[in-house]
*Asks:* 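I'd like to ask some things about the structure below.
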Amino acid sequence: MSDHDLTDVTEVFASDGVWTDETDWDDVDLDAPEGDEPELAVPTLAVVGRPNVGKSTLVNRIIGRREAVVEDVPGVTRDRVSYEANWAGRRFMVQDTGGWEPDAKGMQQSVARQAELAMRTADAILLVVDAVVGATATDEAVARVLRRSKTPVILVANKVDDERAEAEAAALWSLGLGEPRTVSATHGRGTGDLLDDVLEVLPETPREGTGVAGPRRVALVGKPNVGKSSLLNKLTGDERSVVHDVAGTTVDPVDSLVELGGKVWRFVDTAGLRKRVTHASGAEFYASLRTRGAIDAAEVAILLIDASEVISEQDLRVLSMVAEAGRALVIAFNKWDLVDEDRRHQLEREIDRDLARVPWASRVNVSARTGRAVQKLVPALETALDSWDKRIPTGRLNSWLKDVVAATPPPMRGGRLPRVMFATQAGTRPPTFVLFTTGFLEAGYRRFLERRLREEFNFDGSPVRISVRIREKRDRRK
């Protein structure tokens, strides 16, 4: 059946899963291209300050939704995390940072480097100070650094809940960064005026001019301490995410533009999922929600699995989340440098048993620590995304389907042989096909068709969904 023959078909499927008597196939554009609008480069506003002054609360207020993880414990935010914001019709990115401590040690030292890098790369900076506490030695140290910066800086006096606190905020003039803007991030007081001031100093385009239209979105997912942040750092060649031996270092999803294979990719490093989200509380609970949101916002996911350990229930839970979201998938077995011959044989058995639901996923063996084979991720990502975007012409699809059904007809049901009349690809991302039949098709036969579909049209790295529309029985008396 050719594409033009569709105009002769007098029945079209309805939303309830059955055929109805219609003659409007001419109005259905089955081969309409799909794709995202190109993303324009926008400037970045960095929010910096010492721990627990309310930076993440202010970020949530600016973007108008609860995205940044907030908890009444200092140091919850550890990485640079970017969110899209819009004020008065202007789009810009807001970058939340970990608390800046000039004498920080260990993990806090890594957090401080993230904040310093944000200062160097942002187009404008908000320095947030706790107006109730006043200017501390740390605030003064941050101010000294920022006074030398060529980037516009706005001083924000947070936790000013009433007029009485405004008088206390006046003491922050001593930091030498001009007039402090008084706000209450928790209650929203003064944030509108602050954003008006931000738009006055924020340039229309990024200072560095490195924005690239439409980078493909990649989510790095996996259980805690599997090496997601280490892999991101290896790919970027920069200490972009905080890495520490403590499991669960990453709380927020971390956004990074990475150039690989001559292309720019947008990588998101996510928090590792715990054994049970219902058992998580506080920052862990919201971090799990952010991870789910990062998967939904991504186009392809890289699932990291520790190859040196047995595939766990947590690994399979993350896998289920990616599959249910309909995203393209690459499975990266990390820490391959720790895998011996015996473990390789055992891992193959685990893959056959536990990953049987995603035999189509590309697999790459890598070591984030040594950099082994990380460049092989690029062709795997490209193949998966090509499959995810693929559209099969209706004529070619039905020609193939006719031959397959003729060679292997569906099993009989209720003494009758259901006929597969024709098929069409209803969508991409992921590829979704609709089969028009005269009866129900067993799940096993659907899996058979999916397997043959993959063999013929090569959907490596992408899920494929098949839906069935059954013809409604007509009332013969009519």
Side-chain angles (χ1 to χ4, degrees), residues 1-35 299 323 326-329 357-362 382-474:
M1 180 183 294
S2 68
D3 291 353
H4 299 293
D5 292 335
L6 287 174
T7 56
D8 298 327
V9 179
T10 59
E11 296 175 311
V12 65
F13 66 91
S15 59
D16 58 358
V18 299
W19 299 42
T20 55
D21 292 333
E22 298 288 349
T23 56
D24 54 359
W25 275 107
D26 291 324
D27 298 330
V28 181
D29 186 3
L30 296 172
D31 293 312
E34 295 186 9
E299 298 172 284
R327 299 301 180 257
L329 175 63
R357 65 175 297 187
V358 289
W360 43 265
S362 303
E382 291 176 337
T383 298
L385 285 169
D386 287 345
S387 299
W388 201 57
D389 291 331
K390 185 175 295 184
R391 180 176 288 277
I392 308 302
T394 306
R396 183 182 173 195
L397 176 65
N398 281 277
S399 176
W400 164 83
L401 181 64
K402 180 180 178 181
D403 293 339
V404 170
V405 173
T408 310
M412 296 186 67
R413 185 177 176 85
R416 294 186 178 182
L417 181 67
R419 288 188 299 141
V420 181
M421 307 299 290
F422 67 98
T424 185
Q425 184 171 354
T428 59
R429 302 184 168 194
T432 302
F433 297 89
V434 179
L435 304 180
F436 297 85
T437 71
T438 61
F440 182 79
L441 295 184
E442 302 285 355
Y445 193 72
R446 295 192 200 192
R447 288 193 294 269
F448 161 74
L449 289 179
E450 179 187 339
R451 186 168 63 252
R452 294 297 303 274
L453 193 67
R454 290 183 177 280
E455 292 173 358
E456 178 69 19
F457 300 110
N458 188 16
F459 287 101
D460 290 346
S462 172
V464 170
R465 292 175 174 171
I466 296 180
S467 175
V468 175
R469 296 292 184 265
I470 303 172
R471 181 167 59 187
E472 188 178 38
K473 292 183 179 179
R474 299 174 180 174

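These numbers come from the heavy atoms of this one structure, side chains and all, not from hydrogens, waters or symmetry mates. The structure presented is a predicted model; accordingly, all values stated were derived computationally and were not measured.
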*Asks:* Verify, without hydrogens or angle tests, whether T437 (side chain) and G439 (backbone) share a donor-acceptor contact under 3.5 angstrom.
*Replies:*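 Between the backbone of G439 and the side chain of T437 there is a qualifying donor-acceptor contact (under 3.5 Å).
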*Asks:* Begin with the C-alpha distance, continue with both residues' side-chain angles, and end with the deciding distance and a verdict on side-chain contact (heavy atoms from CB on, under 4.5 Å) for R429 and D389.
*Replies:* CA-CA 6 Å; R429 302 184 168 194; D389 291 331; 2.7 Å; yes
*Asks:* Roughly how far, to the nearest 0.5 Å, is CG of L329 from CZ of R327?
*Replies:*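 Rounded to the nearest 0.5 Å, the CZ-CG separation comes to 12.0 Å.
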*Asks:* Over all heavy atoms of both residues, which pair between P418 and P410 is shortest? Give the atoms and the distance, please.
*Replies:*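 Scanning both residues completely, I find the closest heavy atoms to be O-CG, 3.2 Å.
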*Asks:* Taking atom CZ of F448 and atom CG of L453, what is their separation to the nearest 0.5 Å?
*Replies:*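 Atom-to-atom, F448:CZ and L453:CG are 11.0 Å apart.
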*Asks:* Going from CZ on R452 to CG on D403, what distance comes out if it is rounded to the nearest 0.5 angstrom?
*Replies:* 9.5 Å
*Asks:* Would you please test F436 and T424 for side-chain contact (heavy atoms from CB on, under 4.5 Å) and show each step?
*Replies:* CA-CA 9 Å; F436 297 85; T424 185; 3.9 Å; yes
*Asks:* May I ask you to test the D386-N458 pair for a side-chain heavy-atom distance under 4.5 Å?
*Replies:*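 No - every pair of side-chain heavy atoms lies 4.5 Å or more apart.
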*Asks:* Give, for atom CZ of F457 and atom NZ of K390, the distance between the pair rounded to the nearest 0.5 Å.
*Replies:*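 Between atom CZ of F457 and atom NZ of K390 there are 9.0 Å.
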*Asks:* How far apart are the closest heavy atoms of P463 and P430, and which atoms are they?
*Replies:* O-CB, 3.6 Å
*Asks:* Using modelled atom types only, decide if a donor and an acceptor are shared between the side chain of S387 and the backbone of T383 within a distance under 3.5 Å.
*Replies:* yes
*Asks:* Just how far is it from atom CG of N398 to atom CG of L435, taken to the nearest 0.5 Å?
*Replies:*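 Answer rounded to 0.5 Å: 9.5 Å.
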*Asks:* Just wondering, do I470 and F440 contact through their side chains at under 4.5 Å, heavy atoms?
*Replies:*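 Touching, per the 4.5 Å side-chain cut-off.
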*Asks:* Just wondering, do W360 and V464 contact through their side chains at under 4.5 Å, heavy atoms?
*Replies:*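 Counting from C-beta outward, V464 and W360 never come under 4.5 Å.
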*Asks:* Applying side-chain hydrogen bond (donor to acceptor under 3.5 Å, both in side chains), can you list everything that pairs with R357, at least two apart in sequence or on another chain?
*Replies:*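 Partners of R357 under the side-chain hydrogen bond (donor to acceptor under 3.5 Å, both in side chains) test: S320.
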*Asks:* Among residues at least two apart in sequence or on other chains, which ones pass salt bridge (Lys or Arg N to Asp or Glu O under 4.0 Å) with R465?
*Replies:*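 Checked R465 against salt bridge (Lys or Arg N to Asp or Glu O under 4.0 Å); zero matches.
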*Asks:* In terms of relative ring orientation, are F459 and F433 parallel, tilted or perpendicular, with 30° and 60° separating the classes?
*Replies:*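 Taking F433 first and then F459, their aromatic rings stand perpendicular (interplane angle over 60°).
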*Asks:* Would a 4.5 Å heavy-atom cut-off, applied to side chains only, mark V405 and L401 as touching?
*Replies:*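 Of all side-chain heavy-atom pairs linking L401 with V405, at least one is under 4.5 Å.
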*Asks:* I need the minimum non-hydrogen distance between A384 and S462, along with the two atoms involved.
*Replies:*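 Shortest heavy-atom contact: O-CB, 4.1 Å.
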*Asks:* Taking the side chain as everything from C-beta on, heavy atoms only, tell me whether W400 gets closer than 4.5 Å to I392.
*Replies:* no
*Asks:* Sorted by first residue and then second, give each side-chain hydrogen bond (donor to acceptor under 3.5 Å, both in side chains) pair with at least one member in residues 441-450; sequence neighbours left out.
*Replies:*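 side-chain hydrogen bond (donor to acceptor under 3.5 Å, both in side chains) check on residues 441-450 returns R413-E442, E450-R454.
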*Asks:* Could you state the interatomic distance from CG (L449) to OG1 (T408), rounded to the nearest 0.5 Å?
*Replies:*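 These two atoms lie 9.0 Å from each other.
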*Asks:* Going through the checks in order, is the side-chain contact (heavy atoms from CB on, under 4.5 Å) test met by R419 and R471?
*Replies:* CA-CA 10 Å; R419 288 188 299 141; R471 181 167 59 187; 3.6 Å; yes
